[in-house]
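To keep things clear, I will list the structure first and then write my remarks on it.
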Amino acid sequence: MASSRLQQIQTHLAPNPSAQKTKVGVQSPEDVVVVSALRTAITKGRKGGFKDMLPEDILSAVLKATLEKTKLDPKLVDDICVGNVAAPGGLATASRMAALHAGFPDTTSLNTTNRQCSSGLQACVQIATAIQSGLIEIGIGAGVESMTQNYFSRNITTSKKLTAESQAAADCLIPMGITSENVAAEWNISRLTQDEFSTLSHTKAIAAQKAGLFKDEIVPVTATIVDKDGNEKTIVVDQDEGMREGTSPQTLAKLKPAFKADGSTTAGNASQVSDGAAAVLLMKRKTAHKLGLPILGKYVTSAVVGVPPKVMGIGPAFAIPVAVERAGLKIDDVDIFELNEAFASQAVYTVQKCNIPIEKVNPKGGAIALGHPLGCTGARQVATLFPELKRQNKKIGCTTMCIGSGMGMAAIWERE
Amino acid sequence: MFKFRTEGYNGYSLQWSPFFENKLAVAGSANYGLVGNGRLFILGVGVGPNGVAVERVFDTQDGLFDVAWSEANENQLVTASGDGSLKLWDTTLADFPIQNWHEHQREVFSVDWNLISKDMFVTGSWDHTIKIWRPEMPRSLQTWTEHTHCVYSTAWSPYNPSMFASASGDQTVKIWDIKSPRSMQTIHAHTNEILSVDWNKYQDNTIVTGSVDHTIKVWDLRRPDREVICLPGHEYAVRRVKCSPHKGNIIASASYDMSVRVWDMAAPVPMVELHDAHTEFVLGVDFNLYVEGQIATCAWDENVHIMTLPSLLRR
């Protein structure tokens with residue numbers, strides 16, 4: 001009898017890891033929540049408001065704004081992760097300088113990460129995961145890119161041995177524009193479809209800017225620029241610069257293919273070369289409550305998947321279903337997709353493949369209109385997502401992008 | 001906080017008297033209820049130098065797993081025992097039960113006295129059956145055998161004298177009307193065993209469940225397809241849930257994670273109190289009907305804790 005009673009009670013002691021998982025619609029004190037998500041304006045590469053600033057200058061501005069806006073004691077921040085793609089040395093030292101300059105004490109640690117165009121999201125996920133596992137209590141996932149400073153000067157040599165011996169490895173070196181052509185050709189995405197999608201991006205971004213919908217996410221930055229006469233002057237950068245009034249499929253149709261004579265990818269239906277930074281402050285719900293901080297929403301889950309490098313743009317179409325399933329949702333349950341528009345070809349492919357209603361995609365425009373400062377974008381999308389979920393009174397958001405060398409990443413967020 | 005040691009007996013359940021504001025019944029079992037005797041303690045709270053004094057104890061041959069005060073007679077109470085027996089005790093009489101029933105084939109894990117039809121109580125057993133009884137009748141009035149696993153908890157509706165709920169290891173909660181041979185409603189409430197169920201005292205149709213899946217769920221019986229709210233936080237199975245007799249939004253829970261928690265289901269952060277002074281599984285928790293904010297808990301650490309929670313008075 002004793003053994004049967006023991007057996008019965010033993011079943012009560014089953015560990016239940018699923019009960020610990022972050023669940024959509026359930027608020028747990030253990031949830032990792034977003035307390036603040038801010039970005040700078042995105043400026044044009046080589047001619048915009050940040051053209052004479054270094055990436056660490058832009059990064060410092062957004063980190064400082066995060067402290068000012070939340071009034072958080074900076075010494076409570078345990079770690080900062082910064083996504084960056086193109087700067088030499090991973091921008092590691094300069095990012096540390098930016099954090100110290102922004103007011104964080106030397107006890108706040110920092111690292112940089114590079115998963116190409118998803119680096120800003122990877123930084124957020126890395127910090128969220130460290131918080132979930134109890135390694136840190138409070139952290140910032142950030143991203144910064146000065147394509148002005150670091151994109152055009154890159155001269156990266158890679159192993160000839162690897163490219164000779166592995167076709168897939170060689171495919172990693174295909175220029176991004178050509179991967180876009182590959183996607184458009186393989187899945188018959190016409191020039192017109194791409195140009196129409198791009199026009200929509202501009203139309204939405206212009207409307208959003210006019211309606212002031214970016215004001216909750218953009219922090220004004222005082223920038224120093226050198227004018228054409230060599231005079232330094234100080235300006236305040238608080239507006240995205242990439243939108244072009246009057247963009248239409250007809251105007252875009254006039255542009256020449258940029259990568260291939262008979263191709264369909266042009267400067268008008270690809271993301272813009274830009275500068276910018278963003279920062280997302282993360283902590284557990286119980287920590288936010290303890291500190292009396294506001295909660296925008298929570299990080300639910302994320303996924304990274306690999307795809308063939310020569311069609312790297314299809315990555316989101318494969319990452320989205322995995323992330324959505326991990327969150328216990330269906331694609332239909334997602335209210336807003338912040339889908340990075342690296343190229344109209346791959347964005348259209350993703351929308352079609354995942355069967356996403358177009359009105360759920362980038363309601364305030366995407367990278368074709370706003371620009372795509374590589375390492376910044378993943379964190380920038382989070383800053384763009386939450387105010388829009390709130391404005392539409394919707395709950396579930398997905399931020400997602402393709403990744404050079406053949407990957408896709410997607411994260412699920414829930415507004416509260 | 002008052003503490004009382006149930007020496008040699010691991011606490012399984014307790015209940016405040018519905019008639020006296022300072023009287024508490026505690027059901028305990030030797031050797032963690034696995035084998036050996038049981039003991040029923042009748043405690044006076046606020047009495048004697050330690051704040052808690054034993055008024056009487058009753059010993060049984062097998063462990064005691066649950067206890068319910070009579071709603072009709074202030075001196076009587078019934079215990080549920082590991083050997084399948086039920087015993088009715090009178091605190092004015094020494095040593096022996098005034099009534100003894102033995103119908104359940106396995107451990108009786110729950111007993112609850114009807115709050116409206118005060119001549120009736122319900123029991124749930126590991127033999128998968130539910131039975132209802134009258135103190136003066138030698139045999140049970142009715143038996144239901146619909147559950148396919150142990151019945152861990154049974155609770156009468158505070159609104160309807162013929163309605164009660166049962167929680168089972170078969171992962172369902174069933175709602176019953178004693179006039180019907182079949183259950184009225186079955187809710188697949190959790191994806192693991194359900195150890196406890198209670199009725200909200202202020203909202204008709206609202207019940208609360210506690211499960212081995214570590215969560216507490218609040219249900220509206222009119223919309224049983226999905227819980228109204230899920231309260232995660234316990235790190236192990238939730239062994240008992242109780243709804244406050246004073247406030248409709250307050251729930252107390254006892255867990256195998258050795259903690260007792262108090263929840264305000266209307267608050268943005270529902271968990272409002274965490275009592276972690278017990279050092280073993282906590283199996284019993286109950287609200288004092290007369291002293292708002294006062295709760296009692298019992299655990300396998302052979303301790304009864306009685307405390308007044310200021311957070312409950314503020315809400």
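Values below: every heavy atom of this structure, side chains too, minus hydrogens, waters and symmetry copies.
To the nearest 0.5 Å, the span separating OG1 on A:Thr11 from NE2 on B:His149 amounts to 6.0 Å. If you take SG on B:Cys230 and CD on A:Gln27, they are separated by 12.0 Å, rounding to the nearest 0.5 Å. Atom CD of A:Gln8 sits about 8.0 Å away from atom CZ of B:Phe109, to the nearest 0.5 Å. Rounding to the nearest 0.5 Å gives a distance of 15.5 Å between OH of B:Tyr32 and CZ of A:Arg5.
Counting heavy-atom pairs closer than 4.5 Å to chain A, the top-ranked of the candidates B:Val35, B:Val269, B:Leu231, B:Asp257 is B:Val269. For the set B:Gly33, B:Pro268, B:Gly233, the count of heavy-atom pairs under 4.5 angstrom toward chain A peaks at B:Gly33.
In summary, of the residues considered (B:Phe281, B:Tyr152, B:Tyr236), a ring-ring contact (aromatic ring centres under 6.0 Å, His included) with A:His12 occurs for B:Tyr152 alone.
Heavy atoms of other residues, nucleotides or ligands lying less than 6.0 angstrom from NZ of B:Lys87 number more than 12. Heavy-atom contacts from other residues, nucleotides or ligands closer than 6.0 Å to CD of B:Gln61 number 12 or fewer.
A heavy-atom distance below 4.5 Å is not found between the side chains of A:Lys23 and B:Pro232.
Of the two parts of B:Asp83, only the backbone, made up of N, CA, C and O, holds a non-hydrogen atom closer than 4.5 Å to a non-hydrogen atom of chain A.
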